[in-house]
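Quick notes on the structure that follows.
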Amino acid sequence: MSVPALQFSKDQADAWDRVAEVLRGAGVDLDNALLSPEAGGKPSVLAVVGKAGSGKTMLLAQLYKALSEAGVDTVSGDYEGRRRKDRRTLAILAPTNKAASVLRSRGVPATTIHRILYTPVYDPQYEKIAEWLAGNGERPVVEGLTDLALDRAKAFYDQVKSIPGALAAAGLRGSDFIQGWKRREEPLDIGFVDESSMLDERQLDDLKEIFPTLVLFGDPAQLAPVGASGEMVFDKLPESRRLVLHRIHRQAEDNPILDLAHALGDPDLDFHTFERMIEDAARRDDRVVVAQRVEAELMARSPVLVWRNATRIRLITAFRAAYDAPLDELLPGEPLICDGIELPLKHRKKRIDLEARGLIKGAQVIYLGPGNKPGFSKLHVVGAEQPQVSAASIIKIELPDEEEPFIPFAARMGAAFLHGAAVTIHKAQGSQWETVQVFAPDLYAAAQAGRTEAGVALWKRLAYVAITRAEKRLLWVVRNRLARPTVPLGIADLIVPTAALALEAE
C-alpha cells in the first residue's frame, strides 16, 4: 500500500513510516495489506504530537483508512462481533463525546474511552442482527421485525457502516437490546487516542492493559490535566517513541486564528503585544473580532471561555438575567455541563448506563425541559450519537458570593450538572465550536499573576487552548459587559424531524 505522499509533508510521511513500522511489528503490514494473528508481548506505546494545524487528525484519518483497507475491523461502542484468532481490530478513542464527535464529523468512527472501557451485554437477537449486517451470519428471523424492516436496515448499513443507524432505519435502537454493562475483561488490539494531552497516568495505564498497540495523538502546547504538574502522559515517553509534527499545512496557513495561536510560542511575546496582534488580525480578517462585550445569544450553544471560576459564575448569572430566567427553574435551551454521576456503588449498572449514553464528566448538555418523573430532566447531549436522553438530575447553579449553589432540580441520585453558559478553559479542552468567545480580562489577570506551567507562561497556554477551540471565528472580548439577546432561548435547532431520524442516528 502506497503512502498518500501528495497529501503528506515530510514530517507526516516520517510519522506514517514510524507508525507503520510499529504496526508491522504487531502483525499488520500496511505496505502490502497483509494481516497476521496478533502476537502477545509487552505493550507498545507511540505518540504523534504537534500543534494545531500540523496535520495530526489528517494523519490519524489516513491511518484509519489504510487499516480498514488492509482488513482491520473498527471496534466502536456499538458492537464488536465475535472474537476470532485471525481478526485484527482498531478502536479510535477520545476523552470526551465532544472530541469524539469532532473526529466523526471528519469521517473517522471515534468513540469515547469510557465507552470502550465498559462493554454492553447484548440480547442474543441483537447479536444475530449485528453479525448479519457485518456479513458474518445468516439473515436472522427476529420476532416483531418484518422482512421490510430488515431490508431497510441492510440497505442503510451497506451505505453507512453503522449498526445503530441501520437499526434506526428499521425503527429500532441499539439500546433496546442492551441487557446490562460490564467492565471490559478481554483485551482489544490496536488503539488510537486523540486529544491525549487530556489523559492522566491512571487512564493511560487502563488503556495499556487493553491495547497491546497504542498510538497517542496530542498537542504539547495545550494544558496538562489538573494536578499533573504541567506534564502530559506522552512527555514521559522516550524520545524515540515521540514523533513530532512541525509543519503547519496549507489549509491552516491562511488561518488568522491559528497564526495567533502559533505566535504564542515566542518566548519573548508579552500580553500587550499579543493583544495588538489580535487587533491587527481583526482589521485584516473578519474571522477575528475584538469584541467590546460578550454576546449572550452565542453563550447558549458556545460557552464563553474564562480562566477564573469567579468570572465563570458572574457571566452565568448575567446570562440568566439577560434571558429573564426564573430563579427557581431552568428554561428550555439553557446549556449545562455534566459534573459527574452521583450514585452509590450498588447502582453501578445505572452509572455505567448513564455514562455510556454520554453523561460523563465534562459533557456539554442542553436542557430540553422537565422529565416525566419528579427530579428527571430531558436533555440533549452535545456530540453523542444518540443525543436525547431523560435522566434523574441534580442541577447546581452557582451564584456570586454564595458558598452554596442554588439547586432547581434535586433528584436523590443521578447525573449532576453545572450551568454551561461559561466554562473554564481547562474544561473546554478537547471541544470545538464554530464561534468562540474568549474573555480576555481573565487572561490578562493570568499574565499579571506571573504563573508558569512546565516552563511556559500560564496565560500563553490558556490563550493557546482557548483560541484553538474556534473552528471558524474568534471573538476576543475585551470588556466586562454583556449584550442582551435579541431572540428568546429555544430548542428548535436540536429537534430532529421524524423523517430524518433514521438518517441521522449516527
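Model, not experiment: these values are computed from the prediction.
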Results of salt bridge (charged side-chain N to carboxylate O under 4.0 Å, His left out) for Arg451 - residues two or more places apart only:
none
Salt bridge (charged side-chain N to carboxylate O under 4.0 Å, His left out) partners for Asp151, two or more places apart:
Arg139
Partners passing side-chain hydrogen bond (donor to acceptor under 3.5 Å, both in side chains) against Lys236 (at least two apart in sequence or in another chain)
Glu201
Which residues satisfy the salt bridge (charged side-chain N to carboxylate O under 4.0 Å, His left out) test with Asp158, sequence neighbours excluded?
Lys154
Could Asp147 and Arg152 be called an ion pair, given the rule that one side-chain N must be under 4.0 Å from one carboxylate O?
no
side-chain contact (heavy atoms from CB on, under 4.5 Å) against Val244, all qualifying residues, sequence neighbours excluded
Val49, His246
I'd like to check the salt bridge (charged side-chain N to carboxylate O under 4.0 Å, His left out) partners of Arg301; sequence neighbours left out, ordered by chain and number.
Asp493
Where the side chain of Gln388 meets the backbone of Leu494, is there a donor-acceptor pair that is under 3.5 Å apart?
yes
Apply salt bridge (charged side-chain N to carboxylate O under 4.0 Å, His left out) to Arg24 and Asp17, showing your working.
CA-CA 10 Å; Arg24 193 160 47 246; Asp17 290 343; over 6 Å; no
Any side-chain to backbone donor/acceptor pair from Arg312 onto Val306? Under 3.5 Å, distance only.
no
Residues which pass side-chain contact (heavy atoms from CB on, under 4.5 Å) with Ala263, listed by chain and number, not counting sequence neighbours
Met277
Quick one: does Asp339's side chain have a donor or acceptor within less than 3.5 Å of a partner on Leu418's backbone?
no
Asp189/Arg88 salt bridge by N-O under 4.0 Å criterion
yes
side-chain hydrogen bond (donor to acceptor under 3.5 Å, both in side chains) partners of Thr273, counting only residues at least two apart
Asp270, Arg276
Please identify each residue that fulfils side-chain contact (heavy atoms from CB on, under 4.5 Å) with Leu46, with sequence neighbours left out.
Arg18, Val19, Val22, Arg241, Leu243
Would you give the length of the straight line joining atom CG of Leu60 to atom CD1 of Ile92, rounded to the nearest 0.5 angstrom?
5.5 Å
Can you list everything that forms a side-chain contact (heavy atoms from CB on, under 4.5 Å) with Asp206? Sequence neighbours excluded, please.
Leu117, Arg183, Arg202
Counterpart residues, ring-ring contact (aromatic ring centres under 6.0 Å, His included), relative to Trp459 (two or more places apart)
Phe271, Phe274
I would like to know whether Val28 and Leu34 meet side-chain contact (heavy atoms from CB on, under 4.5 Å); could you show each step before the answer?
CA-CA 6 Å; Val28 177; Leu34 295 175; over 6 Å; no
Counting N and O atoms only, with roles assigned by atom type, does the side chain of Gln437 sit under 3.5 Å from a partner on the main chain of Leu305, one being a donor and the other an acceptor?
no
In terms of side-chain geometry, is the basic nitrogen of Asp73 or Arg87 positioned less than 4.0 Å from the acidic oxygen of its partner?
yes
ring-ring contact (aromatic ring centres under 6.0 Å, His included) against Phe217, all qualifying residues, sequence neighbours excluded:
Phe192
